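The structure appears right after this line, and notes come after that.
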Amino acid sequence: MLDTGCGSGTFDILAIKRAKEHARIYGISPAETLDLITKNIVGFDLNPLAVISARTNYLLAIADLLKYKKGEITIPIYLCDSINPPSAKHQDDLFDQEAGHYQISTSVGLFRFPESLVQKALIQRVTVLLEDFVKKKQSTMQFLERVHAELKTEPKDIKKFDLILGETYEKLVELEAKGINGIWARIIKNAFAPLFVGQFDLIVGNPPWVNWESLPQEYRDKTAHIWKQYDLFEHTGLRARLGSAKDDISVLMTYVAIDKYLKQEGKLCFVITQSLFKTVGGGEGFRRFRLGKKGTPFKVLQVDDMVDLQPFDSATNKTSVFFCQKGQKTTYPVEYHVWTKNGTGSIEIDMTWKEILGKTQVKYFKAQSVDGSEQGSWITARPKAIKAIIKVMTMSPYKAREGSSGGLNSVYLLRPLRTEGRYLRVANFTENAKKKVKQVEALLEADLVYPTLRGREIIRWQAKPEIAIVLPQDPNKPSNAMHPQTLEKKFPKTFDYLESFKPDLEKRSILKQFLQNQPYYALYNTGPYSFAPFKVVWTRVGNELKCAVVGDRQQEYLTNKVVAPIETVVFVAFEDKNESHFFCALLNSSISRFAISAYSNKGTGSFGSPHILEHIAIPKYDNKSTLNFDLCKLSKACHEKVASGISVSDLEDQIDELAAELWGLSKEELKEIKDSLEEMR
């Protein structure tokens with residue numbers, strides 16, 4: 001068994017405990033048990049402190065067996081990079097004298113070793129000789145003669161050995177003279193461990209969850225070729241720039257571990273982020289479950305979703321356990337088990353397995369690619385519900401969008417105070433702002449101020465804007481900001497207001513990323529759709545989809561103005577009121593809500609993202625269809641009743657029945673979907 005990122009050695013220690021129990025049951029001698037453990041339970045980690053801790057814990061775990069050892073033993077916990085171990089530099093041209101060697105980069109410089117030395121797995125013996133001869137203050141020639149004698153160096157390799165290995169030896173001698181040697185030969189030996197430990201029947205672990213974007217640039221550069229080797233980045237250009245490539249370093253460690261360290265038909269079990277299975281954009285390369293586009297496949301045997309349990313103390317990561325087998329192709333549906341708590345309270349780290357089972361329950365779901373493709377994000381639910389909902393999950397002709405984004409809401413969001421002639425007195429809204437700016441009162445031309453909508457202001461069948469937003473956009477081309485000269489001439493007070501925040505607005509990352517060649521006050525995700533008379537809106541972040549229709553608002557100080565949502569709200573724009581209510585009825589149906597809950601990541605920024613309409617087949621409104629019009633009427637009735645504080649459960653049942661009829665679902669299928677939706681809450 002191997003743990004490729006062992007940390008303090010938890011999985012290795014548990015494996016040792018189990019191995020010792022197995023040996024006791026089957027009468028394996030202590031000496032043989034010790035030998036088998038140290039040969040077969042191995043750990044890698046890149047953190048020196050973690051390795052010290054893991055080695056100590058490993059030693060304590062086998063302490064009772066040490067009196068039976070028959071010779072020297074090695075604690076098989078190695079300080080090394082399992083993802084990017086040393087590799088040989090190959091010849092770039094005929095005159096490249098540096099080719100044919102491996103190099104180790106350390107804080108005291110580079111150490112080089114002949115390629116043939118590594119290929120023949122002789123590096124461990126050489127590092128022992130390095131350490132021994134440096135301590136004895138032997139000459140370079142004496143060291144090399146001993147190497148050739150002990151390793152029986154082939155004549156063709158002698159010159160390369162003498163040049164490269166001699167250089168490494170002399171560096172270690174120099175470090176010894178400065179009093180900073182002692183460990184470098186062992187560090188070198190550890191660094192090569194991934195190349196000589198062989199392959200394993202089982203790989204386990206909790207690889208680091210660090211997003212590609214958060215990795216040090218140097219490590220990104222060093223590992224870029226490995227990501228490409230496995231075709232793990234699926235997006236280039238705009239989609240990648242917008243953040244589609246959100247893959248985690250755990251993805252790369254998983255693929256390298258399966259490729260390099262797992263035997264054919266061997267099994268890997270990793271604690272890994274659940275978002276890899278359900279994120280649209282990110283995770284697509286991971287979900288190929290194949291080592292590159294044409295490489296060896298591996299079969300997903302089971303995923304355990306532990307998001308609700310939050311098993312890591314003081315962390316809210318979306319935890320799952322991923323179990324697979326190398327050499328077989330993944331076929332859907334896949335076993336997907338959802339763990340939930342029976343009540344409130346946390347799962348304590350020192351609880352026994354029996355105590356944990358008493359505080360939890362497991363729902364045995366299946367997982368299916370949402371679009372039927374090899375790499376689609378997963379939908380997870382009861383098998384019958386998945387079979388039914390697949391009928392609904394194709395692309396809608398409607399297009400959803402995120403609201404306007406300024407990247408500095410504390411400037412753009414406003415609290416209207418009162419009207420003063422044709423002007424509006426406002427205060428910039430700084431409540432809960434991520435970046436604080438000065439708070440001011442100002443007079444603005446009311447023409448450029450609109451009611452806005454935040455996610456918190458939306459419930460099912462009702463949306464009530466509380467604040468406003470300034471949109472200094474070009475009326476002829478709303479995706480662009482108004483030219484500064486035009487803004488200053490036609491709307492001088494708004495211009496002065498924005499000018500007072502110019503230093504802050506110029507520092508916005510959104511300006512540099514997406515709004516190049518635009519005025520410093522430009523907003524992103526703004527266009528003709530932002531000014532449509534009707535919108536169906538819902539929050540982008542959440543655990544359950546809740547939609548409402550908004551139209552012209554008779555908001556205090558802002559009458560007959562369209563609602564322009566901000567980026568935490570997603571919407572579809574409409575010119576026709578009836579069409580907007582038809583759409584809202586279908587999207588608020590149990591069928592749509594189940595589909596979205598089954599494949600989206602609850603509680604994340606992607607839950608209600610515009611992509612949901614890629615998988616909910618809401619058809620275009622047909623004003624000649626009685627069924628369409630009935631859905632429209634029911635939505636209007638729901639809005640009226642909710643505004644009056646009256647329950648709409650009876651109307652929602654009618655909507656579900658009409659939606660099922662529209663999508664061709666039977667009563668039994670609708671019941672399965674509604675029961676599954678309730679179960680997933």
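Just so it is clear, the model here is predicted, and its values are computed rather than measured.
- The CD atom of Gln368 lies 10.5 Å from the CE atom of Met393; values are rounded to the nearest 0.5 Å.
- Salt bridge Arg460/Glu544: present, at least one basic N to carboxylate O contact under 4.0 Å.
- The environment of NZ in Lys329 is sparse: at most 12 heavy-atom neighbours from other residues, nucleotides or ligands sit within 6.0 Å.
- Between the Ser396 side chain and the Tyr398 main chain, a donor and an acceptor come within less than 3.5 Å of each other.
- For Lys620, the NZ atom sits in a packed shell: over 12 heavy atoms of surrounding residues, nucleotides or ligands are nearer than 6.0 Å.
- Note on Asp231 versus Arg288: no salt bridge recorded, every NZ/NE/NH1/NH2 to OD/OE distance being 4.0 Å or above.
- Going from atom CD1 of Ile566 over to atom CG of Asn525 covers 12.0 Å, rounded to the nearest 0.5 Å.
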Let me see the working for Asp371 and Ser369 under side-chain hydrogen bond (donor to acceptor under 3.5 Å, both in side chains), right down to the final yes or no.
-> CA-CA 6 Å; Asp371 57 6; Ser369 170; 3.1 Å; yes
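- For Phe574 and Tyr621, the ring centers sit 6.0 Å or farther from each other.
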Verdict with reasoning, Asn409 to Glu567, per side-chain hydrogen bond (donor to acceptor under 3.5 Å, both in side chains) = CA-CA 10 Å; Asn409 282 340; Glu567 74 277 0; 3.3 Å; yes
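- Residues Leu444 and Phe495 fail the side-chain proximity criterion, which asks for heavy atoms closer than 4.5 Å.
- No close placement of the Phe365 and Tyr336 rings is indicated, their centers lying 6.0 Å or farther apart.
- Minimum interatomic distance between Ser320 and Phe277 (heavy atoms only, all atoms of both residues): OG-CE1, 3.5 Å.
- Tested against Lys318 for a side chain to side chain contact (heavy atoms under 4.5 Å, CB included), the candidates Met306, Gln274, Gln310 yield a single pass: Gln274.
- In this structure, the side chains of Met482 and Leu448 come closer than 4.5 Å at one or more pairs of heavy atoms.
- Separation of atoms SG (Cys632) and CG (Leu627) is listed at 12.0 Å; rounding is to 0.5 Å.
- The backbone N or O of Pro503 lies less than 3.5 Å from no partner atom in the side chain of Glu506, so there is not a single donor-acceptor pair.
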Please walk me through it: do Val392 and Leu665 pass side chain to side chain contact (heavy atoms under 4.5 Å, CB included)?
-> CA-CA 9 Å; Val392 177; Leu665 297 172; 4.1 Å; yes
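- Under a cut-off of 6.0 angstrom, the local environment of NZ in Lys341 is crowded, with over 12 non-hydrogen atoms contributed by other residues, nucleotides or ligands.
- Glu457 has a carboxylate O that lies under 4.0 Å from a charged side-chain N of Arg454, or vice versa, which qualifies the two as a salt bridge.
- Looking at every heavy atom in both residues, Ser635 comes nearest to His581 through OG-ND1, 2.8 Å.
- Counting non-hydrogen atoms of other residues, nucleotides and ligands closer than 6.0 Å to NZ of Lys391 gives a total above 12.
- With hydrogens and angles left out, the side-chain atoms of Thr430 and Ser410 include no donor and acceptor closer than 3.5 Å.
- Note that CZ of Arg401 and OG of Ser530 are 8.0 Å apart. Values are rounded to the nearest 0.5 Å.
- Between His337 and Tyr364, the two ring planes are perpendicular [angle over 60°; tilted spans 30° to 60°].
- A salt bridge links Glu335 to Lys366: one of the charged nitrogens lies within less than 4.0 Å of a carboxylate oxygen.
- For the pair Ser405 and Ile510, the tightest heavy-atom approach, listed with the atom from each and the gap, is OG-CD1, 3.3 Å.
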Would you sort out whether Tyr412 and Phe429 count as a ring-ring contact (aromatic ring centres under 6.0 Å, His included), showing the intermediate values?
-> CA-CA 8 Å; Tyr412 293 100; Phe429 188 77; over 10 Å; no
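- Between the side chains of Lys278 and Thr380, at least one donor N or O sits under 3.5 Å from an acceptor N or O.
- The aromatic rings of Trp378 and Phe289 lie tilted to each other, with the angle between the two planes from 30° to 60°.
- Distance CD/Glu402 to OH/Tyr524: 8.5 Å, rounded to 0.5 Å.
- Residue Ser600 holds its OG atom at 11.0 Å from CG of Asn543, rounded to the nearest 0.5 Å.
- Within 6.0 Å of NZ in Lys387 there are 12 or fewer heavy atoms belonging to other residues, nucleotides or ligands.
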Test Asp304 against Gln302 for side-chain hydrogen bond (donor to acceptor under 3.5 Å, both in side chains), laying out the working first.
-> CA-CA 7 Å; Asp304 283 74; Gln302 182 175 312; 2.6 Å; yes
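- The distance between the ring centers of Phe286 and Phe322 falls below 6.0 angstrom.
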Evaluate the criterion side-chain hydrogen bond (donor to acceptor under 3.5 Å, both in side chains) for residue pair Asn628 and Ser625; output intermediate values, then yes/no.
-> CA-CA 5 Å; Asn628 283 205; Ser625 165; 3.2 Å; yes
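- Of all non-hydrogen atoms in Ile673 and Ala385, the two that sit nearest each other are CG1-O, 4.4 Å.
- For the pair Leu453/Ile458, a side-chain contact is recorded, criterion being any heavy-atom separation below 4.5 Å from C-beta on.
- Checked by atom type, the side-chain pair Tyr497/Glu445 shows no donor-acceptor distance below 3.5 Å.
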Side chain to side chain contact (heavy atoms under 4.5 Å, CB included) assessment of Asp308 paired with Val338 = CA-CA 8 Å; Asp308 184 63; Val338 178; over 6 Å; no
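- Contact annotation: the side chain of Leu487 approaches that of Leu498 to within less than 4.5 Å [non-hydrogen atoms, C-beta and beyond].
- For Lys436, the NZ atom sits in a packed shell: over 12 heavy atoms of surrounding residues, nucleotides or ligands are nearer than 6.0 Å.
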Carefully, step by step, assess Arg290 and Tyr230 under the rule side chain to side chain contact (heavy atoms under 4.5 Å, CB included).
-> CA-CA 8 Å; Arg290 182 180 293 274; Tyr230 297 118; over 6 Å; no
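- The environment of Lys636 atom NZ is dense: over 12 non-hydrogen atoms of other residues, nucleotides or ligands sit within 6.0 angstrom.
- For the pair Val449/Leu414, a side-chain contact is recorded, criterion being any heavy-atom separation below 4.5 Å from C-beta on.
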Output, in order, the C-alpha distance, side-chain angles, deciding distance and verdict of side chain to side chain contact (heavy atoms under 4.5 Å, CB included) for Thr273 and Thr319.
-> CA-CA 5 Å; Thr273 174; Thr319 307; over 6 Å; no
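- Within the 3.5 Å criterion, the main-chain N or O of Pro207 finds a donor-acceptor partner in the side chain of Trp209.
- A donor-acceptor pair is defined here as one N or O able to donate and one able to accept, closer than 3.5 Å; no such pair exists between the side chain of Glu672 and the backbone of Glu668.
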Begin with the C-alpha distance, continue with both residues' side-chain angles, and end with the deciding distance and a verdict on salt bridge (charged side-chain N to carboxylate O under 4.0 Å, His left out) for Lys674 and Asp653.
-> CA-CA 10 Å; Lys674 293 179 77 167; Asp653 286 341; 3.2 Å; yes
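- Side-chain contact check for Leu276 versus Ser250: some heavy-atom pair is nearer than 4.5 Å.
- No side-chain heavy atom of Met395 sits less than 4.5 Å from a side-chain heavy atom of His615.
- His611 is listed as a side-chain neighbour of Tyr599, based on a closest heavy-atom distance under 4.5 Å.
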